[in-house]
Amino acid sequence: MSAEPQPVPAAPDPERKTLDDRARMTELERIRHSAAHVMATAILRLWPEAQFAAGPPVENGFYYDVDLPHRISPEDFEKIEAEMKKEIKANNPFEKIIVTREQAIADAQSGRLGGLAGRPGNVSKLKIGNLEAIPEGEPISYYKNGDFLDLCAGPHVMRTGNIGAFKLTSVAAAYYKGDEKGPQLQRIYGTAFKNKTSLDEFLKMQEEAKKRDHRKIGAEMGLFAIDTEFVGPGMPLWLPKGTVLVEELEKLAKETEFAAGYVRVRTPHLAREKMYKTSGHLPYYADSMFPPINLLEEKDREVRDQLVEFRSYLRRGTEPGYVEHFLEQFKKSSSYSVGAMSQLETIAAAYAADKSNKEGFEQLDAQIDGLGERYYLKAMNCPHHHRIFAAEPHSYRDLPLRLAEYGTCYRYEQSGELFGLMRVRSLNMNDAHIYCTEEQFADEFRAVNDMYLKYFKIFGLEKYQMRFSTHAAEGLGKKYVNEPELWKKTEDMVRKVLIESGINFVEVANEAAFYGPKIDVQVWSAIGREFTIATNQVDFAVPAKFGLTYRDKDNSNKTPLCVHRAPLGTHERFIGFLIEHYAGNFPLWLAPDQVRVITIGAEGDPASAPLIQYAKDIVNGLRAQGVRVAGDYGSDPMKAKIAEAEKLRVHTMLVIGGRDLEAGAVSVRLHGKGNVGSKPKAEAVADILAAIRERRA
RNA sequence: GCCAGCUUAGCUCAGUGGUAGAGCAGCAGUUUUGUAAACUGCGGGUCGUCGGUUCAAUCCCGACAGCUGGCUCCA
């Protein structure tokens, strides 16, 4: 991929790290940043023509983007790592050199920058682009280790030998400066640590994450299936055992929301185009909605087919007289209205006058589109909920009104984005919209945050963070609704509540929703991986577009604020997260298979008949209490039955044999924990029921 | 959508230019048990789809689809 030297926009990049930000790099980040330079050094020794772009430390390691005709594959890693080891062993110092912009441009022109030596005819074009992004007045510096000279603001470790342990991990494609239109580079990922022990720990965590992969465990446990052939990619089917998880989560949410004063509603999965034109979603998000369903009556269908044909003739260029002929035929055969027909004649006339007439085509397209009704699959529930608000008149006495629904939404995510349950095209949201006055906002918002914290506790999530996304003034009218004052006012309100309630949050600019500020909730799983599971937004714009009002005390009509919140996010992503978090070993209240009664003795064997009856009584008793329980009365050896139940991750196994029957006891075995001993039957049953009721961890 | 890799039985994976194998699972028997696997037998595959090269393609080539890892995106 040999890219032309790229023109780079000189506009200041809001994402760009300042020199102060960089100076705060942790020791580990310095090690990784330095490892990126060492990797570049190694790659240049193997392929001297390589061109480098950027090589920063990232969350789990580092990468360097390289432009190189040779396609680097994991087979090359060993070779690169061997060269890296040499450079580390040489223990070269990282030398900082301050230069002028002119000097830097000259070194890039000669190919010296980002190389081991001058490379005549091989301009360091990506580095020139990087140079242009450095604001005037900011010092320009190089770092040099051995022969490798790189444009770099640092900081680094003192010497290459300070990189204790490293490993190259993967190679992927990346755009230069993240610009889809820019050249595509090879991004080589690696990780580095201060010593081998830490590296091994990290690799072990990666292994553990692999074992906990929700796609793998989901298949093993029979939770969900993705039938790409008949249903479609990104549209999971919930199997019976996965449905248990879905419904337990719904039950939890319904109880919690009922207690918090929510009311439930239900809405269809489709709506007319007008809905999303009004909400503003269509102009902003048309690309990620499924294309519309066009409802055409028979006569409209005919007209449409004729118009489409007419259009394609016009586009192709027609024989003289065709247009007139077509219109003649059209008048005779169709039920098209006189007004529309005369418009069509106008288009044809305009076309005759100017064959490149773009406007005419647009009018024709609009006519074709205007036929029939278009329905869209909903990509979010809010517009439907707004119409529920609009369905009845409201007074300030009705507020806050909290409408909750497990709404199914459909989003046409790009094919490359789909990922197991984590990124899907059909999703079930734990959705609710709170309509309230400005005065009520703080209390409502605080209550929503409390609900999050309550859930975190139930699922044993110790680490969380809220990402508070605000707008950027440049995006007003494009990415964001053009209401600068409302933006400021709402963001201030949100920030105030976050600070007052001591919530752990960070603020990020320019990532808000188009209608208001957004909060993404990040949590960390049991093995320390981050997931964004929920989102929470304030909407000051769309209720007004739908003309939603309530009658206030002073007898005037006012527009309510709307808080969008989904603490459990979508079932799909949340369950995906829970699978990793619990490694499939769900607590009793969630476990698809809660209890299995295993008999030492088989059904059909007369000697075991009393034992089997005892077992069945236990099973029936638990089932009557709503416990998901099964009995294994087969002739397999007990060890085999246990192995089977363990493999299925049955939470509690009640093993019973002659001894238990005599004592009126059961012997309790917990998944993953082994035999915990014998207990009176009634006690064991009471324990199980209590653990489920309390949603014990 | 873009780049790269991958696609053989329900699952995990062997294998070959001459139309395929193992283990587990499944099914049928036998066995009758104290905390992770008792024995025997049987069935199961258009080797992702479509096209090309070849006397012959699961294998070589191409297109498409899907998956995986990234990039971009995420109301």
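Protein chains get the first letters and strands the later ones, always in sequence-line order, with residue 1 at the start of each. Any value given below was found using the heavy atoms of this structure, including those in side chains, with hydrogens, waters and symmetry copies removed.
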Measure the distance from CE on A:Met429 to P on B:C74 and round it to the nearest whole Å.
-> 16 Å
Is a side-chain N or O of A:Tyr64 found less than 3.5 angstrom from the main chain of A:Gly190, in a donor-acceptor match?
-> no
Sugar-phosphate only, base, or nothing, as touched by A:Gly674 at under 4.0 Å among non-hydrogen atoms = nothing
Before giving the answer on salt bridge (Lys or Arg N to Asp or Glu O under 4.0 Å), spell out for A:Asp593 and A:Arg649 the whole-Å C-alpha distance, their side-chain angles and the decisive distance to 0.1 Å.
-> CA-CA 7 Å; A:Asp593 292 299; A:Arg649 298 174 160 89; over 6 Å; no
Walking RNA chain B from its 5' end, the first of A:Ala379 and A:Gly234 to be reached, judged by nearest nucleotide, is A:Gly234
Give a yes-or-no answer on whether the side chains of A:Glu491 and A:Thr470 include a donor-acceptor pair shorter than 3.5 Å.
-> no
Quick one: is A:Lys639 getting a side-chain N or O under 4.0 Å of the B:A38 phosphate, OP1 or OP2?
-> no
Does B:C64 pair with anything, Watson-Crick or G-U wobble, both distances under 3.5 Å, and if so, with which nucleotide?
-> B:G48
How far does the C1' atom of B:G44 sit from the matching atom of B:G51, given to the nearest Å?
-> 30 Å
To the nearest Å, give me how far apart CG (A:Leu661) and C1' (B:U33) are.
-> 15 Å
For A:Leu418 and B:C74, give me the distance from atom CG to atom P, rounded to whole Å.
-> 16 Å
Checking B:U68, B:A75, B:G1 against the side chain of A:Phe419 (C-beta onward), the nearest is B:U68
Base B:A75 paired with A:Thr535 side chain (donor-acceptor, <3.5 Å) | no
A:Tyr412 six-ring face occupied by A:Arg425 cation (under 6.0 Å, within 45°) | yes
Using a cut-off of 4.0 Å on non-hydrogen atoms, how would the nucleic acid contact of A:Pro233 be classed: base, sugar-phosphate, or nothing?
-> sugar-phosphate
Is there a donor N/O on one and an acceptor N/O on the other, under 3.5 Å, for the side chain of A:Arg669 and the base of B:A36?
-> yes
Using atom P of each nucleotide, how far apart are B:C47 and B:U58 to the nearest Å?
-> 6 Å
Distance in angstrom units between A:Glu417 CD and B:G66 C1', rounded = 16 Å
Return yes if some donor-acceptor pair links the side-chain N/O of A:Arg565 with the main-chain N/O of A:Asn430 below 3.5 Å, else return no.
-> yes
Using the C1' atom on both, measure B:U72 against B:C59 and round to a whole Å.
-> 36 Å
Produce the list of close N/O pairs, under 3.5 Å, pairing protein atoms with atoms of nucleotides 8-14 of chain B; give distances to one decimal.
none

Classify the nucleic acid contact of A:Glu220 as base, sugar-phosphate or nothing, counting any heavy atom under 4.0 Å across all strands shown.
-> nothing
Hey, which of these two, A:Ala512 or A:Glu603, hits RNA chain B nearer its 5' end, going by closest nucleotide?
-> A:Glu603
Spacing of the P atoms in B:U49 and B:G10 (rounded, Å) = 13 Å
What parts of residues 641-656 of chain A reach RNA chain B, counting only heavy atoms under 4.0 Å away?
-> A:Ile642, A:Ala643, A:Glu646, A:Lys647, A:Val655
Closest to the A:Met289 side chain: B:G34, B:A75, B:U32?
-> B:A75
Face-on cation placement of A:Arg187 at A:Tyr63 ring, 6.0 Å and 45° thresholds = yes
Within the side chain of A:Gln465, is there an N or O that forms a donor-acceptor pair under 3.5 Å with the backbone of A:Val506?
-> no
Check: A:Ser635 side chain, B:U32 base, donor-acceptor under 3.5 Å = no
N/O (side chain, A:Arg423) to phosphate O (OP1/OP2, B:C73) under 4.0 Å | no
Separation of the P atoms in B:A57 and B:G15, to the nearest angstrom = 23 Å
Touch check for A:Gly658, heavy atoms < 4.0 angstrom, all strands: base, sugar-phosphate only, or nothing?
-> base
Take atom C1' in B:G45 and the same atom in B:C39, then report the distance between them in whole Å.
-> 28 Å
Spacing of A:Ile600 atom CD1 relative to B:U31 atom P, expressed in whole Å | 20 Å
Have a look at A:Gly516 and say if it touches a base, only the backbone sugar-phosphate, or nothing, with a 4.0 Å heavy-atom cut-off.
-> nothing
When the distance from NZ of A:Lys518 to C1' of B:C74 is rounded to whole Å, what number comes out?
-> 7 Å
Separation of the C1' atoms in B:C13 and B:A25, to the nearest angstrom | 14 Å
From the list B:G1, B:G34, B:G66, which nucleotide is the closest neighbour of the side chain of A:Ser415?
-> B:G1
Distance-only donor-acceptor test, A:Arg187 side-chain atoms vs B:C71 base atoms, 3.5 Å = no
Would you mind pulling out the nucleotide paired to B:C42, Watson-Crick or G-U wobble, both distances under 3.5 Å?
-> B:G26
Please determine if a side-chain N or O atom of A:Tyr376 lies less than 4.0 Å away from the OP1 or OP2 oxygen of B:A75.
-> no
Any side-chain heavy-atom pair from A:Leu282 and A:Tyr376 closer than 4.5 angstrom?
-> yes
Rounded distance (Å) that lies between atom P of B:G66 and atom CD of A:Glu413 = 15 Å
A:Thr408 versus A:Asn428, side-chain donor and acceptor atoms under 3.5 Å = yes
Who is the Watson-Crick or G-U wobble partner of B:A9, with both distances under 3.5 Å?
-> none
Give one of base, sugar-phosphate or nothing for A:Asp287, where a contact means two heavy atoms less than 4.0 Å apart.
-> nothing
Quick one: look up who B:U16 pairs with, Watson-Crick or G-U, both distances under 3.5 Å, and put none if it's unpaired.
-> none
Nucleotide nearest A:Thr228 when distance is taken to its side chain, options B:C67, B:G34, B:U33 | B:C67
Can you spot which of A:Ile575, A:Leu223, A:Ile579 makes a side chain to side chain contact (heavy atoms under 4.5 Å, CB included) with A:His214?
-> A:Ile579
Considering only the P atoms, how many Å lie between B:G48 and B:A14, rounded to the nearest integer?
-> 14 Å
Test A:Val668 against every option in A:Val595, A:Leu654, A:Ile688 by the side chain to side chain contact (heavy atoms under 4.5 Å, CB included) rule and name the one that passes.
-> A:Leu654
Sugar-phosphate, base or nothing in reach of A:Tyr285, heavy atoms under 4.0 Å | base
Under 3.5 Å donor-acceptor pair, A:Asn675 side-chain atoms to B:G34 base atoms | no
Atom-to-atom span, CG of A:Asp636 to P of B:C27 - whole angstrom = 11 Å
Whether A:Ser608 side chain and A:Leu611 backbone form a donor-acceptor pair below 3.5 Å = no
Is a side-chain N or O of A:Asp431 found less than 3.5 angstrom from the main chain of A:His433, in a donor-acceptor match?
-> no
Step by step, work out the salt bridge (Lys or Arg N to Asp or Glu O under 4.0 Å) result for A:Arg659 and A:Glu662.
-> CA-CA 5 Å; A:Arg659 294 209 297 264; A:Glu662 258 171 60; over 6 Å; no
So what does A:Arg425 touch, heavy atoms closer than 4.0 Å: a base, only the sugar-phosphate, or nothing?
-> nothing
